Number of protein chains: 2
Amino acid sequence: MITNNHSHHSGAARNGPPPTTVDTLRARGLKLTRPRRIILDVVRTTDAHPTAAFVYRRVRRRLPRVSLATVYRNLRLLAAEGLLAERAAADGMRFDGNTGTHDHFTCLACGRIYDVPARPQTAVRARMASSTGFEILDYRMEFYGRCGACRRRRGRSRLG
Amino acid sequence: MITNNHSHHSGAARNGPPPTTVDTLRARGLKLTRPRRIILDVVRTTDAHPTAAFVYRRVRRRLPRVSLATVYRNLRLLAAEGLLAERAAADGMRFDGNTGTHDHFTCLACGRIYDVPARPQTAVRARMASSTGFEILDYRMEFYGRCGACRRRRGRSRLG
DNA sequence: GGCTTAGTTGATAATGATTACTAATAACCA
DNA sequence: TGGTTATTAGTAATCATTATCAACTAAGCC
């Protein structure tokens with residue numbers, strides 16, 4: 001469902017600029033194990049910024065004996081390697097297979113987090129940096145509201 | 001350190017538009033107890049978006065027998081009443097006495113969260129709404145980088 | 001000031017998410 | 001194929017946050 005350039009069981013590009021998942025890991029002395037590959041794949045093919053528990057459930061379908069600890073350990077590791085993004089939400093950490101620049105929309109009714117295209121705001125960034133003395137390494141916009149699905153089905157929403 | 005219109009032991013305005021803390025609470029059948037008043041005051045006079053644990057420590061200086069549960073309970077309640085703002089961070093929930101519109105800068109080195117003035121982006125908001133079908137109720141910008149203090153003192157930072 | 005009552009507190013148990021630990025296992029490389 | 005080393009499954013431990021409940025107190029009223 002998400003288009004990405006990371007070959008899942010390699011193919012593989014012999015000269016291409018984008019390093020494969022295996023390469024990224026190998027470069028750090030890390031192994032691409034079966035649980036790890038599946039965890040990464042689950043996050044990448046899920047659009048709803050899953051929690052660790054959600055990923056665990058999904059991974060178990062393909063690997064019934066996987067441990068919850070393995071899921072946590074790998075989510076953390078893959079995020080540290082830049083193969084995933086992680087963000088804090090009110091109900092715990094959430095993960096994102098989309099590591100490209102983009103913003104987020106959080107539906108206050110269903111809690112789902114949607115990706116929305118980011119627009120570069122270099123002016124804002126520069127002005128911000130010069131007026132505060134901060135070194136701006138990154139920034140993003142967070143939108144809050146109600147998604148299409150939740151606007152239709154009224155009632156039982158977490159909103160007033 | 002923060003200028004606010006909420007009189008701590010009332011004075012009080014007899015006609016002014018901004019409702020006092022007591023009024024806001026009373027309107028909901030809530031009482032302004034001593035722990036509650038102190039907790040609110042601590043958050044409002046702290047600039048660093050404190051965690052519950054931080055608030056607890058500060059409150060204990062003035063009210064040694066306060067319970068941690070009381071702190072959590074009130075932070076949640078005060079946020080629900082709109083007297084405080086709360087936001088999720090990687091290390092847990094954080095609270096903010098500044099309920100006005102503003103953006104945030106998170107220092108990746110020391111973890112501190114700074115308020116920065118927000119600039120209204122109604123155009124962005126409208127475009128976003130029409131292109132996605134989402135109902136945008138609110139939005140904010142999050143900046144990440146290194147604050148002035150951390151830029152000076154190099155080393156021992158959480159950054160690479 | 002005292003009385004009443006409904007919201008609150010302090011103390012602690014309970015819950016839920018995340019992490020640490022360890023013997024056994026599976027990737028990877030020569 | 002065999003050895004080395006990262007990794008896993010299972011589970012205990014930790015940490016933040018919430019629930020529970022008897023005792024307390026703020027707020028309204030006389």
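Labels below follow one simple rule: chain letters A, B, ... track the order of the sequence lines, proteins then strands, and each chain is numbered from 1. The structure displayed is predicted, hence computed values, not measured ones.
- Residue whose closest nucleotide on DNA chain C sits further toward the 5' end, between A:Pro35 and A:Ala53: A:Ala53.
- From one end of the helix from C:dG1-D:dC30 to C:dA30-D:dT1 to the other, with five pairs defining each end axis, the axis direction shifts by 50° (rounded to 10°).
- For A:Thr33 against C:dA26, a side-chain-to-base donor-acceptor contact under 3.5 Å is absent.
- In this structure, CG in B:Leu63 is found 10.5 Å from OH in B:Tyr56, a value given to the nearest 0.5 Å.
- Look at B:Tyr72 and you won't find any side-chain N or O under 4.0 angstrom from OP1 or OP2 of D:dT18.
- Remark: A:Arg34 is not in phosphate contact with D:dT8, judged by side-chain N or O atoms under 4.0 Å from OP1 or OP2.
- Between the base of C:dG10 and the side chain of B:Arg73 there is a donor-acceptor pair shorter than 3.5 Å.
- For the pair B:Arg26 and B:Asp23, the salt-bridge criterion is met [side-chain N within less than 4.0 Å of a carboxylate O].
- DNA chain D is contacted by both A:Val66 and B:Leu30; A:Val66 maps to the nucleotide lying nearer its 5′ end (nearest heavy atom per residue).
- With hydrogens and angles left out, the side chain of B:Lys31 and the base of C:dA6 share a donor-acceptor pair within 3.5 Å.
- With no hydrogens or angles considered, no side-chain donor-acceptor pair links A:Asn98 and A:His49 at under 3.5 Å.
- Look at A:Arg28 and you won't find any side-chain N or O under 4.0 angstrom from OP1 or OP2 of D:dA6.
- Atom P of nucleotide C:dG10 and atom CG of B:Leu63 are separated by 6 Å, given to the nearest angstrom.
- The separation between B:Leu78 atom CG and C:dT8 atom C1' is 13 Å, rounded to whole Å.
- For the pair A:Arg36 CZ and D:dT5 C1', the interatomic distance rounds to 12 Å; values are reported in whole Å.
- Side-chain proximity of B:Ala69 to the nucleotides C:dA20, D:dT11, C:dA11 is greatest for C:dA11.
- In this entry the distance linking CG of B:Asn74 with P of C:dG7 reads 15 Å, nearest Å.
- Across D:dG10, C:dG10, D:dT17, the shortest atom-to-atom separation from the side chain of A:Arg65 is found for D:dG10.
- For the pair A:Arg58/A:Thr45, no side-chain contact is recorded, criterion being any heavy-atom separation below 4.5 Å from C-beta on.
- The side chain of B:Arg26 contributes no N or O atom lying less than 4.0 Å from OP1 or OP2 of C:dG7.
- Comparing A:Pro64 and A:Leu77 against DNA chain D, the residue whose closest nucleotide sits nearer the 5' end is A:Leu77.
- Rounded to an integer number of Å, the gap from CG of A:Leu68 to C1' of C:dG16 is 11 Å.
- Taking side-chain N and O atoms only, A:Thr70 has no distance below 4.0 Å to OP1 or OP2 of D:dT8.
- Between A:Ile38 atom CD1 and D:dA9 atom P there is a gap of 10 Å when expressed in whole angstrom units.
- At a threshold of 4.0 Å, the pair A:Glu142-B:Arg87 does not count as salt-bridged, since none of the basic side-chain nitrogens sits closer than that to a carboxylate oxygen.
- Listed here is the closest heavy atom pair of B:Arg34 and B:Arg62: NH2-O, 4.1 Å.
- Across all non-hydrogen atoms, the minimal contact from A:Leu32 to A:Thr21 is CD1-CG2, 4.5 Å.
- Nucleotide D:dT17 holds its P atom 13 Å from the CG atom of A:Asp91, rounded to whole Å.
- The nearest whole Å value for the distance from the CE atom in B:Met93 to the C1' atom in D:dC15 is 14 Å.
- By the 30° and 60° cut-offs, the orientation of the rings of A:Phe134 relative to B:Phe105 is parallel.
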